[in-house]
Structures are given as structure tokens and as C-alpha cells.
Student: 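Right, I'll just put the structure down here and ask away after.
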2 protein chains.
Amino acid sequence: MEQQQHIAQALEMLINNFNQYFPLNTKECEEVKRVFTPRIVKRKAYLLQEGEVCQHYYFVVSGCFKMFAIDADFKEHNLQFAIENDWVADFQSFYDKTPSKLYIEAVEPAIVLQIAHADLLYLYINYHKFDRNFRIIIERKFIDYQNRILQNISSTAEERYIAFQKQYPHLLNRLPNTQIASYLGITSEFLSKVRKKISSK
Amino acid sequence: MEQQQHIAQALEMLINNFNQYFPLNTKECEEVKRVFTPRIVKRKAYLLQEGEVCQHYYFVVSGCFKMFAIDADFKEHNLQFAIENDWVADFQSFYDKTPSKLYIEAVEPAIVLQIAHADLLYLYINYHKFDRNFRIIIERKFIDYQNRILQNISSTAEERYIAFQKQYPHLLNRLPNTQIASYLGITSEFLSKVRKKISSK
DNA sequence: TAAGGAACTTAAACTAGTTTAACTATCTTT
DNA sequence: AAAGATAGTTAAACTAGTTTAAGTTCCTTA
């Protein structure tokens, strides 16, 4: 059946993702296939909304998500985008079991593989390799965040936009500029001005 | 001898730090005592300078550090401060063995316990618990960074300074305002203005 | 104990980025 | 095919934050 083949492909993608770090053995692969479950997400649907406890850690198989907060003036601020092969969750809520202040919304129709908190703990406790691989995954995300903070405190909006273009060329076509502006911490009107200035060079 | 007692105290602090997460057994404690070595750092001395490969992961026993980058205009931008019980390193350089773009400098006389890259790998490979505990340590730092990014893209300098006061009251007294301004991503002149405005309320 | 250097403040002139508003184009849904 | 929402641009008036410079205090080290 077609559906089952899609699931098999998604799981293969996930296992390949783990294998980039410390490859899984047969038993570990079986456990992954057992505890990760697929989920189809429509455009504009949420994986997480403010006030909910983040119950799952998500691996993105296809599509694109934005994770954002809404401030007192009802403005959205994009913390990160997640596309194929990315991991996304609100860790603070996921590990502390506290209500999240964040939203995770599909900006394109998407497929994810999700693992529940208890299942992840099960993997951590029984297989050294998942502590290892998730440590490495989070370390890489930490490095990305650190570089982004450095940019935020040291560069102008124009410099940050140019850096974004270089670092995420594949996202430029997939996201409206309003979303990129929100990620960069500027208004979309000002991004428009910046883009005009750059293109006139 | 007095020196040895200081070292014993520092190691106890380190082990207590690990024990906050998943407590170490006797063998793991012994290994920690074997592979972490103490280092005394004078004020204004560096643990890391731009161009060097970050060879150690540092646990701060006492004192205070700033980690920063220097931009094209020779201005410093503080990425983080580290005091007692904090961990500090440039991960990108440490794991990839690439020259660092960062500096780690003592702003107070300090004592650290350092572990070399190879020794950390040894712990990771032989003891599940270190992968586990360092995963948790980095996850917490990741959450802090994420909250900071959200602040940077969504709040004014005044709001960020007030948040800093709340989150790090103990750092306010230990750091000159110039260093805090650099951390917040503003000039010290503007921080002066912000502080005046706040105090006049 | 003198002197040089950090640290802090103030202020005036400037620039980067926001706000509000209006217009156009494109997509989405019915 | 129409209608409404979403996206992008422009511009004028505004505000947040920078730059340069000068003056003061405090701290450090010779």
C-alpha cells in the first residue's frame, strides 16, 4: 500500500539522520521504528500552541515550519524555521512539562515523525547511543544559536539579511519576506528598504 | 598541604554539579578526578584567543569570565559570562578542531577545572552518564540562548536591560556596565541613558 | 603617592529602524 | 469568477540607538 511506503521512506530518512552521527545498529533501528510515529500537518496547522505542554520532539520529513512567540502587541517573532531533516520542539516545555510560550506552525504542508517524551526517555535510558546522538544534535543547534546571537548584537539589519541569504539560500524561495523579517528582528517594511538598497548596488 | 585541599574542594564542586543531573558512582567520580585538572587564571588572562583551537572544556570553580568576539572595527561583543558552576568553551572550535573566532577572558581572578578534548571523548565512550549529563547541560544552555534570541528580536534595549537585572542580579555588581552593554548589544553610552531613565521612574 | 587608564555620565548631531498609511499585486477560497 | 486575505513596496514622520567629544571619578599599578 502506498501509505505504508511513505512511512517506510520517512523512517529511512530519520535513521539516515541518526547515522550521520553514530550509526544505529539493528536493534536501535527497530526501536526507532517502533517509537516514532508519522503525522501529516496541513499548511497553517500547529504542532504546538501557547499554553500547551510540548509533548513531542519532531523530526521534519517534508514541508516547513516556523517556531515563534507572540508579544504583548500581538506581533509574531520567529525563533527558528525547520525544514526536511531538522528537529524541532520547545525544549523548555518538553523537558520541564511547563506550558509553552511558543507556537510551531506549518508554513507549507508537512510530514513529521514525532516521539513522545516518555519514549524518548526510554531510548535515553536503554541505549547509550541516543543520549550521544541527541547530545550532538543539540550541540550543533547551540552553535547555530550562538552565531545568531553574535550577529544580533554586533551586526546591522542589512548585514544580518545578507548573512541569512548566504546561510539559508534554500529558505529564501520558500518563505515570504515578512517571515524572514520577523526572524531577523526587523519590520517587513524595513526589510523592503534593505532589499532595495542591496539590489541597487 | 593547602593547595591540595583547594583542589579537593574544586573537584567536589564539580562532582556536585554533575550530581544535580544524574549522580556519578564511585568509579565515575574517580575518572573525573583523574581527567579534570585545575588551572589558576589571573584577571585579564585568556583561556582562549582568536585563532587558537579551543582545546579544553572549562568548569568555573571561582571568578568570572567573558566570552566575546572582536569585529572589524575592533569592538568587543560579549556572547556570555561564566561564573562559579558554569561551563564554558567555544564548541565550534572544540569539536571541529577549527581556529576559534572567540576570546575567553577572566574579568576576575579565577580558578577553573579543565578537561582536554581526548579525555572528554574517553568519558563519552566509556561511561553512558557523561553523554547524558553533558546533553542535559547543553540543553539548558540552549534554552537560555533561545530566550536571549527571542529578547534580542522582540524587545527594546530598556526591556532587555531590565530582564538582565532580573535574571542575573548577582552579575550586576560584579561586572562593569560597559561589559553588560556589550552583552545586550548596545553602546555603554546608551545603557547610561537607559539606566537614568529607569532610575527616574 | 602620582599618574595613567578604565568606567560612567552627559549632550549634541546623526543614522538605523519603526510606525502609519496608502497602493498594487498575488494567492486562496468559495 | 469574484472577493477577501496575504504579500510587497513606497514614503513621510517619528523614535531608538549611535557617534563623537568632553568632563569626572575611581581604580590600578609604577
Side-chain angles (χ1 to χ4, degrees), chain A residues 42-45 63-64 66 68 70-78 81 103 105-109 151-165 171-201, chain B residues 42-45 63-64 66 68 70-78 81 103 105-109 151-165 171-201:
Chain A
K42 288 183 189 161
R43 196 172 106 88
K44 298 200 181 180
C64 183
K66 60 176 176 178
F68 62 95
I70 295 186
D71 70 16
D73 299 326
F74 306 106
K75 286 182 187 158
E76 295 184 7
H77 301 280
N78 287 339
F81 302 116
Y103 298 79
E105 181 188 333
V107 296
E108 293 173 3
Q151 286 243 326
N152 282 338
I153 65 177
S154 68
S155 304
T156 63
E158 181 177 341
E159 289 164 341
R160 265 140 54 210
Y161 179 64
I162 290 170
F164 183 89
Q165 287 182 310
L171 282 180
L172 278 181
N173 322 304
R174 287 172 77 170
L175 289 167
N177 287 326
T178 46
Q179 296 304 322
I180 294 171
S182 165
Y183 177 93
L184 295 175
I186 57 175
T187 59
S188 67
E189 292 87 349
F190 190 60
L191 178 55
S192 220
K193 211 188 272 188
V194 165
R195 283 160 48 80
K196 191 182 178 189
K197 187 181 167 199
I198 291 172
S199 70
S200 74
K201 279 182 183 169
Chain B
K42 287 184 189 161
R43 195 170 108 90
K44 298 198 180 180
C64 182
K66 60 178 178 177
F68 62 95
I70 295 185
D71 70 15
D73 299 326
F74 306 105
K75 286 183 186 157
E76 295 184 7
H77 300 280
N78 286 339
F81 301 117
Y103 298 78
E105 181 188 334
V107 297
E108 293 172 2
Q151 286 243 327
N152 282 338
I153 64 176
S154 69
S155 304
T156 63
E158 181 178 343
E159 289 164 340
R160 265 141 54 210
Y161 178 64
I162 290 169
F164 183 89
Q165 286 182 310
L171 282 180
L172 278 181
N173 322 303
R174 288 172 77 169
L175 289 166
N177 287 326
T178 45
Q179 296 304 323
I180 294 171
S182 166
Y183 177 93
L184 296 174
I186 57 177
T187 59
S188 66
E189 292 87 350
F190 190 61
L191 179 55
S192 216
K193 212 188 273 188
V194 165
R195 282 160 48 79
K196 192 184 178 187
K197 187 181 168 198
I198 291 171
S199 71
S200 74
K201 279 183 181 169

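For clarity, every value in this text was computed on a predicted model and none was experimentally measured. Chain A is the first sequence line, chain B the second, and so forth, proteins listed ahead of strands; every chain is numbered from 1.
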Student: Tell me if a side-chain donor or acceptor on A/S188 pairs with a main-chain N or O of A/A181 at a distance below 3.5 Å.
Tutor: no
Student: Give me the ring orientation class for B/F81 and B/F164: parallel if the planes are under 30° apart, tilted from 30 to 60°, perpendicular past 60°.
Tutor: perpendicular
Student: Reading nucleotides 6-23 of chain C from the 5' end, what letters show protein touch, with B for base, S for backbone sugar-phosphate only, - for no heavy atom under 4.0 Å?
Tutor: -SSBB------BBBB---
Student: Determine whether a donor-acceptor pair (N or O, by modelled atom type, separation under 3.5 Å) exists between the side chain of B/S199 and the backbone of B/K196.
Tutor: yes
Student: For B/Q179 and B/P176, indicate whether the former's side chain and the latter's backbone hold a donor-acceptor pair under 3.5 Å.
Tutor: no
Student: Any non-hydrogen side-chain atom of A/L191 less than 4.5 Å from a side-chain atom of A/R195?
Tutor: yes
